**Q** 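Following this message is one structure expressed as C-alpha cells.
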Amino acid sequence: MLRRLALAGALLAGVLTASVTPGAAVAEQRANQVSAASADAGGEGAYPKPSGQTAQLSTPATACRDAIRQAVATQQYTACVEPAAVSAGALRAARDRIWQWPDWCDDHGVANTWFITRTNGCGVFGYEMKVLDSRGRTVGGIKYMSVGYEFSARDSKRWAYQVVHLEVRRWGEGTAGTKVQGKAKCKKKCKIANGTFPSQAMGANKEPYGQFFLDTTINTARRGQQGSGRGIISWKLTNPQWGSTNPVELSTSDVRCDTALPGRTRQVGCINPGYIPEMVYAKSGEFPELAEHIEYAQNVKNLPGKHGTTRYLERLTNTAKRDANRNKACPTSRPRPTGKSCDEYPFASTWQGAATGSGDYSWRMINARQNSKGGTALNNFYTYNRIIEKDRFLVWIKP
C-alpha cells in the first residue's frame with residue numbers, strides 16, 4: 001500500500017522516517033483545510049480549484065512515430081508512451097481497490113490537470129504504453145493513470161511530491177514483465193532534498209510510485225524573501241523484450257515559499273499561490289453586523305472582493321498606508337455612538353482601501369466587539385493562508 005509521508009513528522013524534520021497510511025494522511029489533509037481564521041464558517045472557501053497553469057505534463061509529440069521508425073530500422077520490438085483518455089469508470093474502479101487519495105482529487109475524472117487548495121495539489125492523468133513489433137505495428141499495450149499529489153506546510157521550507165501509477169488495462173504481446181522507474185528534479189527556486197522512485201512492477205494489483213521532498217532555495221535567513229518552484233517527476237517503462245519507452249514528465253503547479261509574512265519574523269512557509277483563498281463571514285455567525293456591512297458594500301456599492309468574482313482584494317502590509325486607509329474611511333473626528341466603532345470596506349489592510357484604492361469605499365458604525373473580533377479573524381486568515389504583500393483574496397458572505 002502506498003504510504004503518504006507525514007507532514008508533522010518527516011516533512012518538518014527533513015528525513016524520511018515518519019509515514020502514515022493513506023486514510024490517516026487524507027484525514028490529516030482534510031483537517032488542515034479547516035481554517036482557524038473565522039468562527040463563522042471556517043475562514044476560507046477551501047474547495048479545490050483548477051491551478052490555471054499549463055504545460056504540466058510532457059511527452060515527446062513524436063514519441064510513437066520515433067518508436068515505429070526505430071522498430072523498422074532495427075527489426076526489433078520497441079515501445080512508446082503517449083497521453084490517452086481514461087474513463088471515469090476506470091478511475092472509480094482504481095480508487096476502490098487502491099490507496100484513498102483525497103475525495104476532491106477525482107471529482108473531475110481523469111482531467112489531466114492539477115486541482116489545488118492553498119497547501120495541497122492533486123491531479124489524475126491518463127497514458128497508454130504501446131508495444132510495437134519489428135514492422136512497427138501495435139501488438140500490445142498498457143493503459144494506466146498517474147495520480148500526482150503535492151503537499152506543503154505553512155511553517156516549513158520543505159514540501160513533498162509523489163506520483164502513483166495505476167494500471168487500467170493491458171492487452172496483447174510484450175507487456176509481461178513491464179516495470180516503471182523514475183527520478184525527480186526542480187525548476188526555479190527549489191531543489192530535491194531526498195526521495196526515490198525505484199524500479200517497480202506494473203500490474204492490475206500493483207502500485208508503483210515515486211515520492212520526493214523538495215526544499216526552497218530562497219534565503220530563509222533573511223526576512224521578506226519569496227520564490228516559487230515546481231517539482232518534476234519523470235519516469236520510463238522498461239521491459240527486457242523491448243528496452244525502455246520514451247520518458248514522461250509530470251510537473252506540479254507552482255509552490256511558493258516565503259519569509260514575508262508580517263508578524264512572523266523569518267519564519268518560512270510554502271503554499272500554492274494559484275489558489276485564491278476566501279475569507280468567510282456569516283450573517284448568522286459571531287459577527288453579523290460586520291457581515292451585513294460587507295454584504296451591503298459589495299452588493300449595493302459594487303465594491304470589489306465578492307465571492308464568485310475576479311475583482312480581488314490585495315493585501316497591503318505597509319503600516320503607514322494602512323493607517324491612511326483607516327483615517328480616510330473612519331477619521332477620529334467622526335463621532336462613535338456608545339458600544340459602536342467605525343468599520344470600513346474594503347479593509348484598510350488592502351490596496352483597495354479608502355486612500356490607496358480607487359476612492360470608492362464604505363463605512364458604517366457597527367458593534368465594537370464584532371468589529372474588533374472580526375478584524376482578529378481577518379488577521380488569522382492572513383496568517384493561516386500565508387497571504388503576503390499583494391496576494392489576492394476574496395470575501396464570502398454567507399447567510
Side-chain angles (χ1 to χ4, degrees), residues 7-15 32 35-38 43-44 53 116-121 150-161 186-194 213-231 252-279 305 312-327 346-353 355-357 372 375-394:
L7 270 176
L11 181 57
L12 301 184
V15 292
N32 286 341
S35 169
S38 167
E44 65 170 312
Q53 295 178 342
I116 58 175
T117 67
R118 197 66 170 172
T119 55
N120 302 87
E150 64 88 1
F151 50 104
S152 58
R154 295 173 174 86
D155 57 358
S156 174
K157 69 176 184 178
R158 182 160 290 183
W159 48 286
Y161 177 30
C186 258
K187 183 179 180 181
K188 301 189 290 186
K189 295 291 186 178
C190 60
K191 64 181 181 181
I192 302 297
N194 46 46
F213 279 145
L214 305 90
D215 284 347
T216 182
T217 56
I218 66 170
N219 185 352
T220 57
R222 291 189 60 189
R223 180 105 174 96
Q225 303 298 298
Q226 62 174 290
S228 295
R230 291 189 181 193
T252 66
S253 54
D254 282 349
V255 175
R256 185 192 74 200
C257 300
D258 73 84
T259 58
L261 189 64
R264 299 289 176 121
T265 304
R266 291 193 301 275
Q267 183 192 67
V268 64
C270 303
I271 52 90
N272 294 321
Y275 182 84
I276 308 299
E278 300 195 49
M279 178 63 196
Y312 303 113
L313 299 178
E314 297 172 303
R315 188 176 185 187
L316 169 64
T317 59
N318 180 278
T319 301
K321 287 183 170 61
R322 293 201 312 266
D323 289 344
N325 283 338
R326 192 171 291 109
N327 292 336
F347 306 123
S349 57
T350 68
W351 280 95
Q352 289 68 38
T356 57
S372 175
T376 298
L378 179 63
N379 285 327
N380 290 342
F381 166 79
Y382 287 154
T383 299
Y384 180 81
N385 289 284
R386 291 201 73 91
I387 297 176
I388 62 175
E389 177 71 15
K390 289 285 188 175
D391 270 4
R392 300 179 298 175
F393 68 97
L394 293 169

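If you're wondering where the values come from, they're calculated on a predicted model, not measured in any experiment. Counting begins at 1 with the first residue of the sequence.
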**Q** According to side-chain contact (heavy atoms from CB on, under 4.5 Å), who are the partners of Ser372, at least two apart in sequence or on a separate chain?
**A**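 Counting only residues at least two positions away or on another chain, Ser372 forms no side-chain contact (heavy atoms from CB on, under 4.5 Å).
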**Q** Side chain of Asn325, backbone of Ala348: donor and acceptor closer than 3.5 Å?
**A**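 Yes, the answer is positive, given that a donor and an acceptor are paired below the 3.5 Å cut-off.
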**Q** Taking all heavy atoms of Arg230 and all of Thr252, pick out the closest pair and write down the distance.
**A**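 Answer, listing the atom of Arg230 first, then Thr252: CD-O, 3.3 Å.
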**Q** Sequence neighbours left out, what passes side-chain contact (heavy atoms from CB on, under 4.5 Å) with Gln352? Give chain and number order.
**A**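 Scan of Gln352 (side-chain contact (heavy atoms from CB on, under 4.5 Å), adjacent residues dropped) gives Pro304, Leu313, Glu314, Pro346, Thr350.
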**Q** Minimum heavy-atom separation for Ser253 and Ile116, please, with both atom names.
**A**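 Looking at all heavy atoms of both residues, the shortest contact is OG-CG2, 3.7 Å.
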**Q** Excluding sequence neighbours, so at least two apart, what forms side-chain contact (heavy atoms from CB on, under 4.5 Å) with Asp323?
**A**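 With sequence neighbours excluded, Asp323 shows a side-chain contact (heavy atoms from CB on, under 4.5 Å) to Thr319, Arg326, Asn327, given in chain and number order.
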**Q** ring-ring contact (aromatic ring centres under 6.0 Å, His included) with Tyr312: which residues, sequence neighbours excluded?
**A**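 By the ring-ring contact (aromatic ring centres under 6.0 Å, His included) rule, Tyr312 matches no residue at all.
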**Q** What pairs with Asn318 under side-chain contact (heavy atoms from CB on, under 4.5 Å), at least two apart in sequence or on another chain?
**A**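 Scan of Asn318 (side-chain contact (heavy atoms from CB on, under 4.5 Å), adjacent residues dropped) gives Leu316, Ala320, Lys321.
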**Q** Between Gln225 and Asn219, is there a donor-acceptor pair closer than 3.5 Å when you use the side chain of the first and the backbone of the second?
**A**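 Checking the backbone N and O of Asn219 against the side chain of Gln225, no donor-acceptor pair under 3.5 Å is found.
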**Q** Return yes when atom NZ of Lys188 has more than 12 non-hydrogen atoms of other residues, nucleotides or ligands closer than 6.0 Å, and no otherwise.
**A**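 For Lys188, atom NZ is crowded (more than 12 foreign heavy atoms under 6.0 Å).
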**Q** Tell me, with the steps shown, if Gln226 and Ile218 meet side chain to side chain contact (heavy atoms under 4.5 Å, CB included).
**A** CA-CA 6 Å; Gln226 62 174 290; Ile218 66 170; 5.6 Å; no
**Q** Is there a donor-acceptor pair under 3.5 Å between the side chain of Asn272 and the backbone N or O of Thr117?
**A**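 Side chain of Asn272 to backbone of Thr117: a pair is present.
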**Q** Are the sulfur (SG) atoms of Cys257 and Cys270 separated by under 2.5 Å?
**A**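 Yes, disulfide present: SG-SG under 2.5 Å.
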**Q** When the ring planes of Phe393 and Phe347 are compared, do they come out parallel, tilted or perpendicular, using 30° and 60° as the limits?
**A**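 Judged by the thresholds at 30° and 60°, the geometry between Phe393 and Phe347 is parallel.
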**Q** Mind listing the closest non-hydrogen atom pair of Glu150 and Trp159 along with its distance?
**A**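 Minimum heavy-atom contact is OE1-CE3, 4.4 Å.
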**Q** Just jot down the salt bridge (Lys or Arg N to Asp or Glu O under 4.0 Å) partners of Asp391, sequence neighbours excluded, or say none.
**A**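 Partners of Asp391 by the salt bridge (Lys or Arg N to Asp or Glu O under 4.0 Å) criterion, ordered by chain and then number, come out as Arg118, Arg256.
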**Q** Strictly distance-based, threshold 3.5 Å: is any side-chain N or O of Arg223 a donor or acceptor partner for the main-chain N or O of Thr259?
**A**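 The answer is yes, because a donor-acceptor pair under 3.5 Å joins these two groups.
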**Q** Are any non-hydrogen side-chain atoms of Tyr382 and Pro262 less than 4.5 angstrom apart?
**A**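 Sidechains of Pro262 and Tyr382: no contact.
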**Q** Show your working on salt bridge (charged side-chain N to carboxylate O under 4.0 Å, His left out) between Arg158 and Asp215 and close with a plain yes or no.
**A** CA-CA 5 Å; Arg158 182 160 290 183; Asp215 284 347; 2.5 Å; yes
**Q** With distance as the sole test, does Thr383 use its side chain to make a donor-acceptor pair with the main-chain N or O of Asn379 at under 3.5 Å?
**A**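 Judged by distance alone, yes, a pair lies under 3.5 Å.
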**Q** Does Arg154 reach the main-chain N or O of Ile271 with its side chain, forming a donor-acceptor pair under 3.5 Å?
**A**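 Absent.
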**Q** Kindly say whether Asp258 contributes a backbone atom to a donor-acceptor pair with the side chain of Arg386 at under 3.5 angstrom?
**A**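 It does hold such a pair.
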**Q** Going through the distances and angles, do Arg392 and Trp351 end up as a side chain to side chain contact (heavy atoms under 4.5 Å, CB included)?
**A** CA-CA 10 Å; Arg392 300 179 298 175; Trp351 280 95; over 6 Å; no
**Q** Would you check if Val255 and Cys190 make a side-chain contact, meaning some heavy-atom pair closer than 4.5 Å?
**A**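 They are not in side-chain contact.
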**Q** Shortest non-hydrogen contact from Cys186 to Leu214?
**A**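 Shortest heavy-atom contact: SG-CD2, 3.0 Å.
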